[in-house]
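Working notes, structure below.
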Protein chains: 2
Amino acid sequence: MKASNLPETSLDRRCENCPVRHHAICSVLDNHGCHALSDIMVHKHFVRGQQIWSDDDDAHVFAIVISGAVKLSKMLADGRQQIVGLLFPSDCLGRAYSEKQQTFAEAATDVELCCFPRQKFEDVLKQHPEVEHALFEKTLIDLDSTREWMVALGRKTASEKMASFLLQMSHRSELTKCPYDRPAPELPTFVLPLTRGEIADYLGLTIETVSRHFTTLRVNDVIRLIDGQTVEVRDPAALASMAEAKD
Amino acid sequence: MKASNLPETSLDRRCENCPVRHHAICSVLDNHGCHALSDIMVHKHFVRGQQIWSDDDDAHVFAIVISGAVKLSKMLADGRQQIVGLLFPSDCLGRAYSEKQQTFAEAATDVELCCFPRQKFEDVLKQHPEVEHALFEKTLIDLDSTREWMVALGRKTASEKMASFLLQMSHRSELTKCPYDRPAPELPTFVLPLTRGEIADYLGLTIETVSRHFTTLRVNDVIRLIDGQTVEVRDPAALASMAEAKD
DNA sequence: CGTATCGTTGATACCTGTCAATCTTGGTGG
DNA sequence: CCACCAAGATTGACAGGTATCAACGATACG
């Protein structure tokens, strides 16, 4: 799908009502200090598959994910692709202090972003060191999880990668659920934000291998595929043990 | 090799004479401001193979690499290992703002470190925002190169990985050479800081595969192995083209 | 209802891992 | 000085996991 340089709607949404107000880096600001950000903020919507920026675009935007999922990817000259990061609500999007983006960014689902002009955003970072510090800590956590994923890419088998991925998605979906929504112990269920091809690009596998392992997990009753995108984890313990050791 | 909790010599070295003074994060401080760091600094030596900290150690040390190479790695329960980062002079070592290390750190060669107690180092970061900013920018660069390496782990073939690794080592060695040392155009030559097994753990391959590809590169006259650890790149262009596309 | 996209399944090939033997190198001690 | 040994590196034979190529099925959409 094609990118549009000037994406769609621009809502005037108040920070006080923002669903990620208390989880994103702006949580270190009080409502007054938050004006520094809200003054330069623009909300934008992207539809599934829409490019947010491309590899060699100038890095003139910085954003916070409000809803949906964004995939960061890199490509080799011959088209092989690797997804190097998945971003969910409250995560930050964009490379501060660089003139160039180093990755592609694409909406994996429909996405709502809180966007800032990068230059102005960096001015805010300078004026509000506590925001820069929050962004720094988030970056350190990103680096930790990126390194964790390197172990999967370099050392895990296909089925271990699949199990690790499904666990990761399962945990991520728990975070966004309100605990009061699930009073009783149910089986973890979530909607995959990626197609089979994207999962393959995330795991360093092919579509066919991903599909085959979905089938294996299904026939072994570890998961149930409710509609191809919706996964119910029927045996969380099995999935967890598969993530680190061969079955 | 075993770790020693209190590594060896503690030199009293002046920052002014430090070989990484103008490349590490302390370069943003003038000689006066540098006292904040030098007051809490201790130089330590580690021999090749010595553990600097282990996976579940408390993160009570932060350091700058002065000489040598450090490998950061992660392990799976069954012993499979993945090197997630290589650190060279002027690079930073240690996880700020975390109580726990998330990786192993081991001296890949004999190493000299400029060590700080983490808590005191974080105090310096608080008092000198320009140092925290420098560390933040270094962390962003780390994240960029980590993501770049994910592409290699997930999507490149063994020979592409080998070529990428050798190019990376070649470029890194150029950085540490004084330009005046090599007035004439010579073939790039460098000493590998890693054993075959460590290279395998970095590339997500086995020792045997690494060794076979070294042999292939040698018989194709792309590289020359001077003594097993010392590599002369006889055909840099071929190496560069191998790094991204199958031969 | 045709078409496009995505996903599944099958047959086969090949790259890399595994297992094992041999070679090289460096260090140690008789 | 040389024999011996340990660790690392190389090479070979073989197996297996994943990629590749291809066909088919499912779903959504106009």
Side-chain angles (χ1 to χ4, degrees), chain A residues 1-2 47-49 76 78-82 108-110 152-163 165 191-220 223-231 242 245-247, chain B residues 1-2 47-49 76 78-82 108-110 152-163 165 191-220 223-231 242 245-247:
Chain A
M1 218 163 290
K2 296 283 296 199
V47 299
R48 175 191 169 84
L76 294 177
D78 61 2
R80 281 174 291 174
Q81 195 168 15
Q82 176 67 46
T109 64
D110 289 357
L153 287 177
R155 287 304 184 200
K156 289 190 182 179
T157 65
S159 68
E160 290 168 336
K161 286 176 178 177
M162 284 291 296
F165 167 70
V191 177
L192 293 170
L194 303 179
T195 66
R196 298 293 185 271
E198 290 169 329
I199 295 170
D201 284 340
Y202 189 43
L203 302 180
L205 300 169
T206 59
I207 294 180
E208 294 91 331
T209 300
V210 169
S211 181
R212 275 184 244 275
H213 283 276
F214 264 117
T215 302
T216 306
L217 288 167
R218 191 162 37 77
V219 301
N220 291 345
I223 63 171
R224 188 164 70 98
L225 283 171
I226 295 175
D227 72 352
Q229 308 285 359
T230 307
V231 177
M242 287 178 65
K246 291 173 193 178
D247 194 32
Chain B
M1 216 165 289
K2 295 284 296 198
V47 298
R48 174 191 171 85
L76 294 177
D78 62 1
R80 282 174 290 174
Q81 195 169 16
Q82 176 66 47
T109 65
D110 289 357
L153 287 178
R155 286 305 183 199
K156 289 190 181 178
T157 66
S159 69
E160 290 169 336
K161 286 176 179 179
M162 283 291 296
F165 168 71
V191 177
L192 293 170
L194 303 179
T195 65
R196 297 293 184 273
E198 290 169 328
I199 295 170
D201 284 340
Y202 189 43
L203 302 180
L205 300 170
T206 59
I207 295 181
E208 295 91 331
T209 301
V210 170
S211 182
R212 276 183 244 274
H213 282 277
F214 264 117
T215 302
T216 306
L217 288 167
R218 192 161 37 75
V219 301
N220 291 345
I223 63 170
R224 189 164 69 97
L225 282 171
I226 296 175
D227 72 352
Q229 309 284 1
T230 308
V231 177
M242 287 178 63
K246 292 173 191 175
D247 192 30

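The sequence lines fix the lettering, A, B, ..., with proteins before strands; numbering per chain opens at 1.
Side-chain contact between B:Asp78 and A:Arg155 is absent, with no heavy atoms from C-beta onward closer than 4.5 Å. In this structure, A:Glu198 and A:Leu192 have side chains that are not in contact, with every pair of non-hydrogen atoms separated by 4.5 Å or more. By the 4.5 Å heavy-atom criterion applied to side chains, B:Leu205 and B:Arg212 are not counted as neighbours. Put simply, the side chain of A:His213 does not reach to within 4.5 Å of the side chain of A:Met242, judged on heavy atoms.
The side chain of A:Gln229 places no N or O atom within less than 4.0 Å of a non-bridging phosphate oxygen (OP1 or OP2) of C:dC6. One finds a side-chain N or O of A:Thr209 lying less than 4.0 angstrom from the OP1 or OP2 phosphate oxygen of D:dA19.
The nearest whole Å value for the distance from the CG atom in A:Asp78 to the C1' atom in D:dT20 is 15 Å. Taking atom CG on B:Leu194 and atom P on D:dA9, their separation rounds to 10 Å, with Å as the unit. The nearest whole Å value for the distance from the NZ atom in B:Lys156 to the P atom in D:dA19 is 18 Å. Across the protein-nucleic acid pair, B:Leu153 atom CG and D:dT18 atom P stand 16 Å apart, rounded to whole Å. Computed from coordinates, the B:Leu225 CG to D:dG8 P distance equals 18 Å when rounded to whole Å. Whole-Å rounding puts the A:Asp227 CG to C:dT8 P distance at 11 Å. Rounded to whole angstrom, the span from the CG atom of A:Leu217 across to the P atom of C:dT8 amounts to 12 Å. Remark: P of C:dT16 and CZ of B:Phe214 are 15 Å apart, rounded to the nearest angstrom.
Of the residues in residues 197-207 of chain B, those with a non-hydrogen atom less than 4.0 angstrom from any atom of DNA chain C are B:Gly204, B:Leu205, B:Thr206.
Of all heavy-atom pairs between B:Ile207 and B:Gly197, the closest is CG1-CA, 3.5 Å.
The salt bridge (Lys or Arg N to Asp or Glu O under 4.0 Å) search around B:Arg218 returns none, not counting sequence neighbours.
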Side chain to side chain contact (heavy atoms under 4.5 Å, CB included) assessment of A:Val231 paired with A:Leu225 = CA-CA 5 Å; A:Val231 177; A:Leu225 283 171; 3.8 Å; yes
Just do the side chain to side chain contact (heavy atoms under 4.5 Å, CB included) check on A:Val210 and A:Tyr202 with the steps written out, would you?
-> CA-CA 11 Å; A:Val210 169; A:Tyr202 189 43; over 6 Å; no
Going 5' to 3' through nucleotides 21-30 of chain D and flagging B where a protein heavy-atom sits under 4.0 Å of the base, S where only the sugar-phosphate is that close, and - otherwise, we get B---------
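Residue B:His213 places its side chain closer to C:dT16 than to any other of D:dT10, C:dT16, C:dT9.
Projected onto DNA chain C by closest heavy-atom contact, A:Arg155 and A:Arg218 fall at different nucleotides, the more 5' of which corresponds to A:Arg218.
Side-chain atoms of B:Asp201 do not come within 3.5 Å of backbone N or O of B:Gln82 as any donor-acceptor pair.
As judged by a 4.0 angstrom heavy-atom cut-off over every strand, A:Ser211 is placed among the base-contacting residues.
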